[in-house]
Amino acid sequence: MADERPYSSIVVDGIEQAPSRAMLYPVGFTEEDFKKPQIGVASTWSMVTPCNMHINTLADEAVRGADEAGGKAVLFNTITVSDGISMGTPGMRYSLASREVIADSIETVVGAQGFDGFVAIGGCDKNMPACGIAIARMNRPAVFVYGGTIMPGKERRDVVSVFEAVGQHAAGNLSDIKLKEVESTAIPGPGSCGGMYTANTMASAMEALGLSLPNSSAQNAISDAKKQDSYNAGAAVRNLIKLGMKPSDMLSREAFENAITITIALEGSTNAVLHLLAIAHAAGIPLELDDFTRVGARVPVLADMRPAGVYSMSELIAIGGIQPLMKRLLNEGLLHGDCLTVTGKTLAENLADVEDYPADQKIIRPMGNPIKKDSHLVILRGNLAPEGAVAKITGHEGLTFTGKARCFHGEEAGMAAIMDGTVQAGDVVIIRYEGPKGGPGMREMLSPTSAINGRGLSDEVALLTDGRFSGGSRGFVIGHVTPEAFEGGPIALVEDGDQITVDAEAKTVILHVDDATLEQRRSQWQRPAPYTTRGTLAKYAKLVTSASEGAVTDKYLD
């Protein structure tokens with residue numbers, strides 16, 4: 001029998017801990033509660049963003065589930081920020097940094113209060129991997145709950161529709177009145193962005209890791225199913241405490257391969273690379289960029305999902321979510337079925353009774369007719385990215401691109417040039433000094449990519465950056481270029497007019513400039529002044545590793 005109160009007993013047992021007990025009576029503890037395992041419920045509720053505006057209701061259900069299963073739940077909050085709101089502004093620098101702040105805050109509360117286990121509920125791009133990082137770090141019985149996806153807006157719109165409408169407006173193809181109509185009807189209520197963007201990608205990856213209950217990733221934010229999932233998560237943590245099962249029992253190398261596999265099959269966001277590397281680091285599991293190439297060589301893209309495809313997450317939910325896809329992949333030998341999950345059972349056991357999709361559905365392709373025969377997440381290397389870059393090549397945009405560099409220091413300059421028509425067909429737009437250290441914070445480039453698409457240039461322009469991309473980005477886009485410009489990486493040495501070739505099949509990104517010329521340019525290069533020397537962003541820039549290592553802030557401790 002596992003010790004069910006290894007942490008809370010230290011806080012509340014014995015005469016000497018009477019002051020601790022005295023502090024807990026006012027927040028709802030009874031004398032009997034001190035004998036129960038304490039289960040924290042980490043809520044990311046706030047009115048900052050529609051992604052998280054409903055999570056208080058889900059947190060209450062998780063509390064009820066834990067209490068009715070014989071635990072004592074304690075609800076607490078952490079922050080969230082909105083990528084969609086801060087996109088294209090200086091505030092976006094805080095987005096990736098918030099992942100570390102959220103993980104640190106969950107760890108801090110769970111550790112300080114002596115919780116024996118916890119539920120972590122996330123509903124937006126960074127708080128979700130942050131929950132995974134905290135779960136891995138603390139290694140106490142824990143379950144992740146996804147807050148769920150938003151419903152489509154009018155005419156099946158979502159937030160990316162608005163970003164692309166801005167580009168259409170700049171090109172003269174959309175009136176002021178129509179832009180206003182798109183803006184006011186795209187986001188109908190609570191939930192995460194509705195395509196296979198970063199939130200839905202990471203929810204699916206977390207389920208494949210074994211950290212969520214089956215189907216948690218594929219439920220609408222406002223639904224009885226999502227409330228039940230939250231309730232069940234509270235009860236599941238109590239069960240894990242009884243079983244003595246910890247995240248380290250689930251987070252094996254094979255589990256991360258499962259997460260990579262489902263991300264590829266769903267045509268998920270490039271941010272999954274960054275976040276899975278970070279969660280693996282927290283779990284002490286060796287995972288590298290090349291693992292995405294190795295796994296991706298045998299996994300096809302099967303889901304016709306936005307942004308490159310047609311369908312929304314709510315439409316995938318309507319035909320069964322990701323569980324039937326996982327069973328198909330398992331049957332093909334592409335998933336490790338013996339990995340343990342938070343149900344206490346293996347992945348294969350969880351999938352045993354799952355039925356296949358309806359015969360007439362068009363969202364998930366059959367294995368023999370994939371959208372792409374191998375991964376859309378392509379790890380590129382070459383003299384422009386010697387430590388790697390991440391491209392999202394779905395096949396819609398072609399597999400190679402050669403063009404002339406048009407260079408910009410920062411997103412704002414690049415965005416202005418796209419909007420005013422300076423960027424032309426055949427350009428490789430270089431947006432640099434946006435890496436983890438140089439940004440700082442590695443801003444997402446949804447505004448530039450959407451503007452390119454809105455202007456009708458998605459097939460004729462490539463964008464290359466040491467920043468990153470939103471899960472809503474599409475087109476010939478290459479991010480996570482390392483070393484980043486601020487560290488003197490080759491991307492800092494590119495000049496306007498240089499020829500660049502991106503080859504997804506050869507997995508290369510080549511700057512057609514000879515070594516002697518690059519060395520001459522390097523001798524003249526000077527690092528720009530940092531964006532700030534005080535506060536959160538300065539601290540983040542000082543500690544953060546490169547994107548190729550997951551942009552984590554505690555690797556210096558290794």
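A salt bridge is defined here as a Lys NZ or Arg NE, NH1 or NH2 lying under 4.0 Å from an Asp or Glu carboxylate O, and D496 with R406 fails to meet this definition. Electrostatic pairing of R443 and D83 does not count as a salt bridge here, judged by no charged N lying under 4.0 Å from a carboxylate O. Under the 4.0 Å criterion applied to side-chain N and carboxylate O atoms, R294 and E257 are assigned as salt-bridge partners.
Between Q38 and Y7, the closest side-chain pair of non-hydrogen atoms is not below 4.5 Å. Counting heavy atoms from C-beta on, the side chains of L276 and I260 come closer than 4.5 Å. Under the 4.5 Å side-chain criterion, counting only non-hydrogen atoms from C-beta, T501 is in contact with H512. Within the 4.5 Å cutoff, side-chain heavy atoms of I452 are placed close to those of L463.
Across all non-hydrogen atoms, the minimal contact from P436 to A547 is CG-N, 4.0 Å. Taking all atoms of both residues into account, the shortest heavy-atom contact from M245 to P141 is O-CG, 3.4 Å. Residue C407 comes nearest to E495 through the heavy atom pair SG-C, 3.8 Å, listed as atom of the first residue, atom of the second, then distance. The nearest pair of heavy atoms linking S192 to Y146 is CB-OH, 3.2 Å. M419 and A451 make their closest contact through SD-CB, 4.0 Å (heavy atoms, listed as atom of the first residue, atom of the second, distance). Scanning both residues, R521 and L493, for their nearest heavy atoms gives NH1-O, 2.8 Å.
Put simply, the residue from R527, R432, K437 that forms a salt bridge (Lys or Arg N to Asp or Glu O under 4.0 Å) with E487 is R527.
Taking the ring centre of F118 as origin, the terminal cationic atom of R140 falls outside the region bounded by 6.0 Å and 45° from the ring axis.
A donor-acceptor contact under 3.5 angstrom links the side chains of Q17 and S20, judged on distance only. D503 and T508 share no donor-acceptor pair across their side chains, judged by distance under 3.5 Å alone. Between the side chains of S269 and T201, not a single donor N or O lies within less than 3.5 Å of an accepting N or O.
Residue pairs meeting the side-chain hydrogen bond (donor to acceptor under 3.5 Å, both in side chains) criterion with at least one partner in residues 275-287, sequence neighbours excluded, are R99-H275, H281-D554. Residue pairs meeting the salt bridge (Lys or Arg N to Asp or Glu O under 4.0 Å) criterion with at least one partner in residues 105-116, sequence neighbours excluded, are E107-R137.
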Exercise for the section: Please report the C-alpha distance between S95 and R468 in whole Å, then the side-chain angles of each, then the deciding distance to 0.1 Å, and finally whether the side chain to side chain donor-acceptor pair (under 3.5 Å) criterion is met. Expected result: CA-CA 11 Å; S95 170; R468 58 196 175 93; 3.3 Å; yes
Exercise for the section: Give the C-alpha distance, both sets of side-chain angles, the deciding distance and a yes or no for side chain to side chain donor-acceptor pair (under 3.5 Å) between S216 and E207. Expected result: CA-CA 7 Å; S216 180; E207 184 174 329; 5.7 Å; no
Handout entry: Test log, rule side chain to side chain donor-acceptor pair (under 3.5 Å), inputs Y197 and D158
Key = CA-CA 11 Å; Y197 311 145; D158 59 19; 2.5 Å; yes
Problem - Worked check of side chain to side chain contact (heavy atoms under 4.5 Å, CB included) between N77 and W45 - result: CA-CA 7 Å; N77 267 84; W45 171 83; 3.9 Å; yes
Practice task
Please lay out, stage by stage, how T465 and F408 fare under the test side chain to side chain contact (heavy atoms under 4.5 Å, CB included).
Solution key: CA-CA 10 Å; T465 180; F408 303 98; over 6 Å; no
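Here the straight-line distance linking atom CG of L347 with atom CD of E254 works out to 12.5 Å at 0.5 Å rounding. Atoms CG and CD1, from D466 and I430 in turn, are 9.5 Å apart once rounded to the nearest 0.5 Å. Between atom OG1 of residue T553 and atom CG of residue D104 there is a gap of 6.0 Å, rounded to the nearest 0.5 Å. Separating the NE2 atom in H376 from the CD1 atom in I264 is a distance of 7.0 Å, to the nearest 0.5 Å. Once rounded to the nearest 0.5 Å, the distance linking NZ of K226 with CD1 of I55 reads 9.0 Å.
Aromatic rings from F401 and F476 are positioned such that their centres are separated by under 6.0 Å.
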